[in-house]
Amino acid sequence: MTRHSAMPGTADLDNPLYYLENFETVVKWVREHHSDLLTSRETGLVDSLLALDQPARALVARMVMRTGDLFRLEKLNYPELGAPVVATAKALAHSGWVEDNPQLPLVEVFRLFTLAELRPGLAERISAAGLPTGAAKGLLKDTLIPLHPGSLPVHHWLPGLSSQVIRLNHMTLFDRLRLMFFGNLRQSWSDFVLVELGHQQYEQVPLSAESRAFDERDEVDRYLVMHRCRERLDEGEPPETVWQDVPPGNDNPWLEARRGRLLFELGKQAERGGNTDLALTAYQHSGHREARLRHLRLLERLKRHREAWTLAIAAGKESGVGSEEPGLERILSRLARKLGEAPPRPSPRPALTAFTIELDNPGGHPVEGLALQHLSEPHAPVAYVENTLINGLFGLLCWRALFAPVPGAFFHPFHTGPVDLHREDFVERRQALFDECLNTLISDNYKTRIRNTWHEKQGIASPFVIWPVLSEDLLNLALECIPARHLELMFRRLLDNLREHRSGFPDLIRFQPAHSDPDRRYEMIEVKGPGDRLQDHQTRWLEFCVSHGIPVSVCYVRWAGASE
């Protein structure tokens with residue numbers, strides 16, 4: 001029998017130390033459920049932290065939740081600590097949690113102090129660099145930092161300034177704890193506060209004692225290394241040096257997907273910097289959905305046409321090419337002309353229905369809104385829905401499948417959706433649940449389920465339901481006008497590839513409740529302004545709908561008075 005763990009909760013904001021309770025919720029949860037992934041030194045640090053007195057723990061929590069690990073002591077003004085911050089910081093220094101008077105590089109001095117504070121202390125260095133005394137902070141920074149690469153205590157950089165700087169030690173431990181709790185580094189300690197303030201609500205999925213993001217310490221290490229590699233790229237470090245630290249591949253699909261994204265970004269930066277060899281290698285080893293096409297285009301640009309042709313032909317024979325198919329066909333067509341090969345036979349595609357309307361120059365208004373106003377009539381209202389309506393109906397109908405407590409899908413109470421949503425086995429692991437949900441489309445039971453879920457789950461975060469857009473009026477019109485058979489077709493296509501097929505839906509939907517043909521009581525309309533064209537993922541949805549009898553069309557907008 002699966003044992004369920006007590007659900008970690010958030011503190012009451014009426015408590016001035018609510019942030020400490022939230023912080024310790026994470027720390028204690030990880031200590032209890034992930035101790036096998038921590039070293040003895042790390043567990044010792046956690047235990048020693050929890051053994052500190054309350055003011056010291058609260059000050060540590062405050063610093064962890066701020067940016068960086070360096071702080072000006074006089075800026076740490078927290079009356080709720082109940083003790084002078086100087087005394088609390090001194091106690092933390094004695095226990096090894098902070099470092100008094102650390103040595104700082106000049107770049108950190110510029111970050112911590114204002115221009116008015118910097119000028120007197122750096123006066124000699126400013127003069128020696130030939131800079132005017134009134135130089136802006138940016139100019140001082142750009143000039144002085146390269147000239148003074150070392151690190152010194154703050155009173156050596158800024159003599160005469162009465163300011164104490166402390167460094168919070170063990171910041172990497174706190175990043176590790178946060179990662180093991182949330183399963184990512186996007187979510188922060190403040191997510192608890194957002195919940196308490198009502199800014200975000202999460203579905204409460206039962207958690208088992210085994211529910212956690214990582215099973216091995218090596219997985220945590222890999223994630224942290226890859227996260228730092230991406231930070232280094234974003235900070236402008238050359239991709240050649242970052243490449244040396246990218247960990248090798250492994251058999252964890254989730255981490256491999258993250259590694260693929262890292263390699264794709266590294267490849268793009270290497271390509272922009274002219275290192276085409278590194279770019280090709282990074283693309284080749286990246287499993288990112290755009291990497292293969294980028295790899296082929298780069299080979300084509302380098303005039304390695306035969307190599308690109310061989311790889312593109314092999315790619316076209318694979319199953320599940322999906323979003324790559326149109327791009328592959330275009331590349332093969334170009335390469336065929338250059339190599340004298342027989343061009344590939346294009347995939348048969350249904351003809352799309354299109355019409356053109358002429359509107360006055362919008363003066364900057366979005367073309368979709370103008371088309372909506374033009375097409376809408378009292379008996380045939382039009383709504384702007386794009387990717388929200390069909391996804392929303394799917395999310396409401398299949399809520400119980402999406403939020404099922406499948407092992408490894410949820411491991412804390414702050415998920416907006418299952419963490420394995422885009423993994424290849426996502427649907428397979430829940431096949432019976434999705435079948436049960438879609439089987440309700442056989443009768444009108446699906447309408448009751450969707451409406452009940454809309455009311456019961458209102459405002460709870462979902463990867464498919466955008467609550468501000470999916471109003472009750474829109475929901476009822478959609479359920480009245482869209483046949484269940486059409487919904488099932490679109491939902492099953494969604495399930496074929498949730499990552500790719502969640503986008504590309506037409507912009508507008510026109511409802512015609514009084515139409516005599518039940519299959520024609522609505523129409524989805526993609527709007528294209530002058531000079532705009534259909535994107536591949538939009539074309540694929542339109543062609544799917546046409547081939548299955550789902551009413552769709554493309555509306556091309558032409559500005560009145562514009563020359564042809």
For the residue pair W559 and E358, what are the closest heavy atoms and their distance?
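In terms of heavy atoms, the two residues are closest at C-CG, 4.2 Å.
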
Heavy atoms only: give me the nearest L296-A308 pair and the separation to one decimal.
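Closest heavy-atom pair between L296 and A308: CD2-O, 3.5 Å.
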
Any Lys/Arg nitrogen of [X] or [Y] sitting under 4.0 Å from an Asp/Glu carboxylate oxygen of the other?
X	Y	value
D536	R330	yes
R230	D234	yes
D175	R178	yes
R430	D420	yes
E235	R228	yes
R222	D218	yes

Can you find a heavy atom in the side chain of [X] that is under 4.5 Å from one in the side chain of [Y]?
X	Y	answer
H305	E300	yes
V469	Y384	no
D360	L370	no
L262	H227	no
L470	V465	yes
H486	D519	yes

Hydrogens and angles aside, do [X] and [Y] bring a side-chain donor and acceptor to less than 3.5 Å of each other?
X	Y	result
E480	N476	no
N439	E436	no
W399	E203	yes
R502	H422	yes
S443	N445	yes
Q204	Y202	no

Checking side chain to side chain donor-acceptor pair (under 3.5 Å) between E472 and each of R451, Q458, H455, which is the one that passes?
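With E472 as partner, R451, Q458, H455 yield a single side chain to side chain donor-acceptor pair (under 3.5 Å), made by H455.
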
Please lay out, stage by stage, how W254 and F214 fare under the test ring-ring contact (aromatic ring centres under 6.0 Å, His included).
CA-CA 10 Å; W254 175 43; F214 302 95; 5.2 Å; yes

Show, in sequence, the C-alpha distance, side-chain angles and deciding distance for E256 and R258, and conclude whether the salt bridge (charged side-chain N to carboxylate O under 4.0 Å, His left out) test is met.
CA-CA 5 Å; E256 272 303 282; R258 186 169 188 85; over 6 Å; no

Determine whether more than 12 heavy atoms belonging to other residues, nucleotides or ligands lie under 6.0 Å from atom CD of Q535.
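Atom CD in Q535 is crowded, with more than 12 foreign heavy atoms closer than 6.0 Å.
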
Can you tell me if CZ on R533 sees more than 12 non-hydrogen neighbours from other groups inside 6.0 Å?
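No, CZ of R533 has 12 or fewer neighbouring heavy atoms, counting only those of other groups under 6.0 Å.
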
Ring of F544, cation from R493 - is the NZ or CZ under 6.0 Å from the centre and inside 45° of the axis?
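Yes - R493 lies over the ring of F544, closer than 6.0 Å to its centre and within 45° of its axis.
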
When the ring planes of F410 and H415 are compared, do they come out parallel, tilted or perpendicular, using 30° and 60° as the limits?
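Ring orientation of F410 relative to H415: perpendicular.
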
Go through the steps for E265 and R261 under the test salt bridge (charged side-chain N to carboxylate O under 4.0 Å, His left out), then give the verdict.
CA-CA 6 Å; E265 180 61 30; R261 293 194 296 272; over 6 Å; no

